[in-house]
Amino acid sequence: MLVSLEQEIQRRHTFGIISHPDAGKTTLTEKLLLFGGSIRSAGAVKSNKISKSATSDFMEIEKQRGISVATSVMTFEYAGRRINILDTPGHRDFAEDTYRTLTAVDSAILVVDCVKGVEEQTERLMQVCRMRATPVMVFVNKLDREGIPPFALMDELESKLNITARPLTWPIGMGAGFRGVYNLHRRNLYLFRPGKTVVEEERVFIDRLDDPVLDERTGSDAAKLREDVELIEGVYDDFSPEDYRSAETAPVFFGSALNNFGVRELLETFIEIAPNPTPRPADTRVVHPSEKRFSGFVFKIHANLDPRHRDRIAFLRVCSGTFQKDKVYRHVRSKKDIRFSRSYNFLAERKRQITEAFPGDVVGLYDRGNLKIGDTLTDGEALTFLGIPNFAPEIFKELVSTDPMRSKQLDRGILQLTEEGVAQLFVQEKGRRKIIGAVGRLQFDVIQYRLTNEYGAACRFRPLAFSRACWITSEVREVLDRFVRFRGHQIAVDRDGNLVYLSESEWMLQSIIKDNPGIEFHFTSEFKTSGGRSGAPVPVA
Ligand code: G4P
């Protein structure tokens, strides 16, 4: 049977899974894949997190890079749907990678640890989702531990994440007495016995809250559940999937990923209400997934996985039409046509050659250095997708060559690494002075290690006093020229030739902004279309 493009779109969901490290992102992903039958046993999904003990162990970082390429995209089928999970590094020093990955999803699932509540990294990730109006579902995990009581957690989610939260499941008991979740959405529940696999026989189905089986199985928790449900139904408005899809309400699910409690409820609601691939804004127009002509953008690049080859994998999100292997596509930035004969998709931990892909899918393209993050590919049309900006970094160091004989290696290496998005490169003095801007300190360790080991460069970093950067423009050329002349030592140029102003502190930046009304300061690189002055800086760490 020939499946139409529209049908392929309707059965696809592409989401990002985000959390503060250790909240249970990897465990939840694994359980979702188990439901989909993509993996058969627990432990098959390797965590891509950089363990706490490994923060200064470069070999470990390299190993993790290998793992994270395998787990950056995981695809599984469930109930006829095709679900693409985009994993994100939990480590705050690699937050930029997470933000970029979020540009390629249509929704997100946020995992929160019920013992720790909303943690710092969670707040920042949520800010990014809000900024992009990405629909979010929250999975409150580890209910098998004594944590913050559910009503208090709901309040914390609303106040710290600045969202309207609406529970769709509700826990029965907590800690050792956790017995399952009541599905407020479907008004039924399964009672479980803890187990690490998906064991259907151990589930008891109840579709009426006054069912005596509930009292038999849960004792005093039954009365508490009835009370809670009455309260929830009185306090919260009826759940509207539309409000979720427009990112106004975040449905909340409770459970324990490790014990597989509440995961099915999450998954089944997800496939019922989560958005299919959505239209994407480009510079010239909005692109709809159902358009026949192919288009997509690169949101992530993994380079030099094999140091003997300079190959890299570019991750492309398909936005419209059908991607086909071996077809020639237009690389809009360079105005060149490129053919990709090696293209992959990712099924659990396996990478598979593909012949075609549809909107929402992520294709891994083997590339010899043509592609950069943010690049658009189309089947001819000159359009560029928006919303994949560079974020203003917060730590700046000058990259200094320690061996003039190897400065070529250094130049090539740093260019490639910054194209890969490991950090951002700004130059002064016509390229003679290189400044690396990053979000986290660990990024500098990774850069130095990779420059030395992959490119044979010899270098060190010299700390700089800057802590803020923003892109500057002006409607009046002379005003901009004067500003640049006057503040030369604080001006640099980014990879695309845009002017960047570097400041020692937020306070100084604010005073410069106030004193220079003729200059526009932008906190992401995507200012050409955002227009005007941005408000608060985008959170980057
Ligand atoms: P992350 O990807 O968000 O960083 O978290 P990950 O899934 O790796 O989980 C972090 C830790 O929390 C792991 O324990 C994991 O087993 C545990 N965990 C996940 N879900 C639950 C849950 O529902 N209940 C409880 N009690 N623990 C949970 P670990 O000891 O750090 O690692 P491991 O040795 O178990 O793999």
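Note that these values count all heavy atoms, side chains included, but never hydrogens, waters or copies made by symmetry. Along the sequence shown, the residues carry numbers beginning at 1. Counting starts at 1 for both ligands and their atoms, in listed order. Please read all numbers here as calculations on a predicted model, not as lab measurements.
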Just say parallel, tilted or perpendicular for the rings of [X] and [Y], cut-offs at 30° and 60°.
{"X": "H302", "Y": "F315", "answer": "perpendicular"}
{"X": "W170", "Y": "F254", "answer": "perpendicular"}
{"X": "F297", "Y": "F385", "answer": "tilted"}

Side chain to side chain donor-acceptor pair (under 3.5 Å) partners for R145, two or more places apart: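 None.
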Test T278 against every option in D106, T14, T134 by the side-chain hydrogen bond (donor to acceptor under 3.5 Å, both in side chains) rule and name the one that passes.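 With T278 as partner, side-chain hydrogen bond (donor to acceptor under 3.5 Å, both in side chains) holds for just one option, D106.
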Heavy atoms only, cut-off 4.0 Å: how does [X] contact ligand 1, side chain, backbone, both, or neither?
{"X": "S19", "answer": "side chain"}
{"X": "T27", "answer": "both"}
{"X": "L28", "answer": "neither"}

Report, in ascending order of atom number, the atoms of ligand 1 lying under 4.0 Å from any heavy atom of [X].
{"X": "S256", "answer": "22 (C), 23 (O), 24 (N)"}
{"X": "A257", "answer": "23 (O)"}
{"X": "P21", "answer": "4 (O)"}
{"X": "D22", "answer": "1 (P), 3 (O), 4 (O), 5 (O), 10 (C), 12 (O)"}

List for me each residue that meets ring-ring contact (aromatic ring centres under 6.0 Å, His included) alongside F15, sequence neighbours excluded, and say none if there are none.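 Checked F15 against ring-ring contact (aromatic ring centres under 6.0 Å, His included); matches are F270.
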Using distance alone, decide if ligand 1 has a nitrogen or oxygen within less than 3.5 Å of any nitrogen or oxygen in G255.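 The answer is no, given that G255 and ligand 1 share no N or O pair closer than 3.5 Å.
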For ligand 1, which is the ligand I care about here, please tell me if N259 has any N or O atom under 3.5 Å from one of the ligand's N or O atoms.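 N259 vs ligand 1: no N/O contact under 3.5 Å.
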Output, in order, the C-alpha distance, side-chain angles, deciding distance and verdict of side-chain contact (heavy atoms from CB on, under 4.5 Å) for C114 and L153. CA-CA 7 Å; C114 77; L153 243 165; 3.7 Å; yes
